[in-house]
Number of protein chains: 2
Amino acid sequence: MTNIVSGNSLAEVAALIGDPARANILQALADGRALTAGELAWHAGVSAQTTSGHLAKLTEARFIALEKQGRHHYFRLASPEIATAMEALMIVAANGPRRYRPTGPKDQAMRTARTCYDHLAGWLAVTLADRLSARQFIVLSDGAAAVTEEGHRFFRDFGLNLDEPKNTRPLCRTCLDWSERRSHLAGRLGAGLCQRCLDLGWIKRGRDSRAVTFTPQGVEGFRDTFGITLP
Amino acid sequence: MTNIVSGNSLAEVAALIGDPARANILQALADGRALTAGELAWHAGVSAQTTSGHLAKLTEARFIALEKQGRHHYFRLASPEIATAMEALMIVAANGPRRYRPTGPKDQAMRTARTCYDHLAGWLAVTLADRLSARQFIVLSDGAAAVTEEGHRFFRDFGLNLDEPKNTRPLCRTCLDWSERRSHLAGRLGAGLCQRCLDLGWIKRGRDSRAVTFTPQGVEGFRDTFGITLP
DNA sequence: TGAATGCTTCGGCCGCGGCCGAAGCATTGG
DNA sequence: CCAATGCTTCGGCCGCGGCCGAAGCATTCA
C-alpha cells in the first residue's frame with residue numbers, strides 16, 4: 001500500500017457520509033441552518049436514539065458542530081468544506097447511470113431555486129450568474145469568476161457590503177450546480193446575494209426543504225433589478 | 001423525508017467510496033492512469049475475487065471505466081468529476097481532528113509533488129501557481145483563475161497548445177490542495193503543464209504512488225523557466 | 001418538587017455486505 | 001490442444017454497524 005493514511009481517511013470520511021440516515025442529516029443541514037436533534041431525527045427517518053449516535057459520530061469527525069440552547073441541541077454544518085464535498089458527490093451522483101428519478105413538485109421546486117449552504121443554487125442561481133455576467137458585473141472566464149469595477153458599484157447599490165469579512169473567504173467563486181450542470185455563484189458574493197434577497201423578502205426558505213419560494217416582491221425585484229423573468 | 005432521491009444517491013455515492021478497499025482502488029487510479037484488475041487488487045489489499053466484486057460495483061456506478069486488452073482488464077477513472085469529489089473529501093479529511101499521521105519519506109514526496117488526476121498538486125503545483133501569478137501570466141482573483149495575454153504567449157513558447165480541445169473543459173481553474181491548503185492549477189492549463197513537464201522529462205511518475213520525482217533536467221528547467229528552486 | 005420534554009447511553013438483535021476458497025470462463029502461448 | 005495466466009462467478013462464513021426498547025440525565029415549566 002502506497003499511502004495508508006490518506007487511503008484510510010478518504011474511506012472514513014466517505015463512509016461517514018455513506019450511511020442513508022447520516023446523508024439525510026447532512027442534506028437537511030446543507031442550507032446552512034442549524035436544526036435540533038429531534039428535527040434531524042425526523043429528516044433521517046430513524047429513531048431519536050439512533051440519530052443521537054449518528055450525530056455523535058458526525059460531531060466527532062467535525063462534520064457538524066453542536067450548540068446547546070437549553071434542552072435543545074442545535075447542530076449545523078461545521079465548515080463550507082463539508083458542503084463543498086457534498087456538492088461534489090451530488091455532481092457525481094447526477095452523472096451516474098440513469099435511474100428512477102421521480103420529478104414531483106417538490107423536486108421541481110428544488111431545481112428552480114434552492115439554497116446551497118449559504119448561497120443560491122438551481123435555475124435561479126445559474127440564470128443570475130448569466131445575467132450578471134452579460135451586464136459585465138462579473139467576469140466568468142472558463143470556470144473562474146471575478147467582480148468588475150462596475151460590479152462592485154452595482155452590488156453596493158443593491159445593498160451588499162462585500163468588504164466586510166475580508167480575506168476570510170474568496171469573494172466570488174463558482175460552484176457547479178448539480179441540477180443545471182452549470183456554474184452558479186458562491187463565495188462571499190454568492191452568500192451576500194442570497195442573504196440580501198432573504199432580507200428584502202424576495203424569497204423564503206422552505207419549511208423542511210432546501211427549496212426556496214418567491215414572494216410577489218421577489219418576482220418583481222428579480223425582473224426589475226436583474227432582468228430575470230421567473231418561470 | 002423531503003427529498004428521497006438526492007438523499008439516497010448522495011449516500012450511495014459516498015458509500016461506494018466509503019469502503020477501504022474501494023477507496024484504495026480509487027486512490028490508486030487518482031493519477032489518471034489505467035491499471036489492471038490484478039494491480040488494483042494489490043493496491044486494495046484484498047484478494048482478486050473480492051477486488052473483482054468491487055470493480056464491478058464501481059464500474060456499474062460509472063466511477064471507473066473498463067477497457068479490455070487481451071486477458072488484461074484495464075480500469076481508469078471515468079470522469080474528472082470523480083477525481084474532484086475525491087479531492088473534496090480529502091480536504092474534509094485534512095480538516096478533521098488531528099490524528100496519527102506518519103510522515104515518512106513516501107508521504108513527504110507526496111507533499112512535495114504528486115499528480116492529481118491529470119494535473120500537478122502539492123508544493124510544486126502551489127509554488128508554480130504563485131510564480132505564474134507573480135509574473136502576470138495568470139490572474140488569481142479570490143479563488144478564480146484566468147490566463148492573461150502575456151500568459152498565452154508564455155505558455156505557447158513553453159510548448160503548450162491551449163486551444164486544442166476547446167470548450168470541452170475549463171481552460172484554467174483552481175483546485176484546493178489538501179496538503180498545502182492553497183490553490184493549484186487544474187483545467188486544461190493544469191493538465192497541459194503536467195503533460196509538458198512529463199514530455200520534457202522534467203518529472204517522472206512514481207511506480208506505485210502518485211508522487212512524482214524530479215530529473216536533473218527538471219531541477220534546471222523549473223529554475224530557469226519558472227524560477228522555482230526545488231527543496 | 002414533580003411531570004413533561006429533549007436528548008443520550010446501554011444492551012442486545014439482526015441483516016447487509018465484505019471476505020475468501022473453489023470453480024468456471026476467456027485469452028495467450030507453447 | 002493443453003497448460004498457464006488473468007479475471008469473474010458462486011457459495012457460504014462472519015463480523016461490523018445500524019437499529020430500536022428501555023433506562024438515565026438535563027432542562028423547563030407548572
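Computed from a predicted model, the values in this text were never measured in an experiment.
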Rounded interatomic separation in angstrom, taking [atom1] from [X] and [atom2] from [N]:
X: B/Leu58; N: D/dT8; atom1: CG; atom2: P; answer: 12 Å
X: B/Leu66; N: D/dG6; atom1: CG; atom2: P; answer: 17 Å
X: B/Leu16; N: C/dG17; atom1: CG; atom2: C1'; answer: 12 Å
X: B/Leu55; N: D/dT9; atom1: CG; atom2: P; answer: 11 Å
X: B/Ile17; N: C/dG18; atom1: CD1; atom2: P; answer: 14 Å
X: A/Ile25; N: D/dC19; atom1: CD1; atom2: C1'; answer: 13 Å
X: B/Gln49; N: D/dG6; atom1: CD; atom2: C1'; answer: 12 Å

Contacts of A/Tyr74 meeting ring-ring contact (aromatic ring centres under 6.0 Å, His included) (sequence neighbours excluded), chain-then-number -> none
Determine the contact category for B/Ala48: base if any of its heavy atoms lies under 4.0 Å from a base atom, sugar-phosphate if only primed atoms, P, OP1 or OP2 are that close, otherwise nothing.
-> base
Check the pair B/Glu39, B/Thr36 against side chain to side chain donor-acceptor pair (under 3.5 Å), reporting the backbone distance first and the verdict last. CA-CA 5 Å; B/Glu39 291 168 322; B/Thr36 66; 3.3 Å; yes
Nearest heavy-atom contact between A/Arg22 and A/Leu16 is NE-O, 2.7 Å
Is the phosphate of [N] approached by [X] (side-chain N or O, under 4.0 Å from OP1 or OP2)?
X: A/Ser52; N: C/dT8; value: yes
X: B/Lys57; N: C/dG17; value: no
X: A/Thr50; N: D/dG18; value: no
X: A/Ser47; N: D/dC19; value: no
X: A/Thr36; N: C/dG6; value: no

Per atom distances to the B/Arg22 side chain, the nearest of C/dT9, C/dC20, C/dG18 is C/dG18
Testing D/dG21, D/dC19, C/dG18 for proximity to the side chain of B/Asp19, the answer is C/dG18
*Ring centers of A/Trp123, A/Phe214 separated by less than 6.0 Å*: no
Here the residues of residues 67-77 of chain B within 4.0 Å heavy-atom distance, strictly under, of DNA chain C are B/Gly70, B/Arg71
Does any non-hydrogen side-chain atom of A/Leu89 lie less than 4.5 Å from one of B/Leu89? yes
Checklist entry - Is the shortest heavy-atom distance from the side chain of B/Tyr117 to the side chain of B/Ile82 under 4.5 Å? => result no
pair_partner(C/dA22), Watson-Crick or wobble, both distances < 3.5 Å, evaluates to D/dT9
Partner of B/Leu40 under side chain to side chain contact (heavy atoms under 4.5 Å, CB included), picked from B/Leu35, B/Leu26, B/Asn24, is B/Leu35
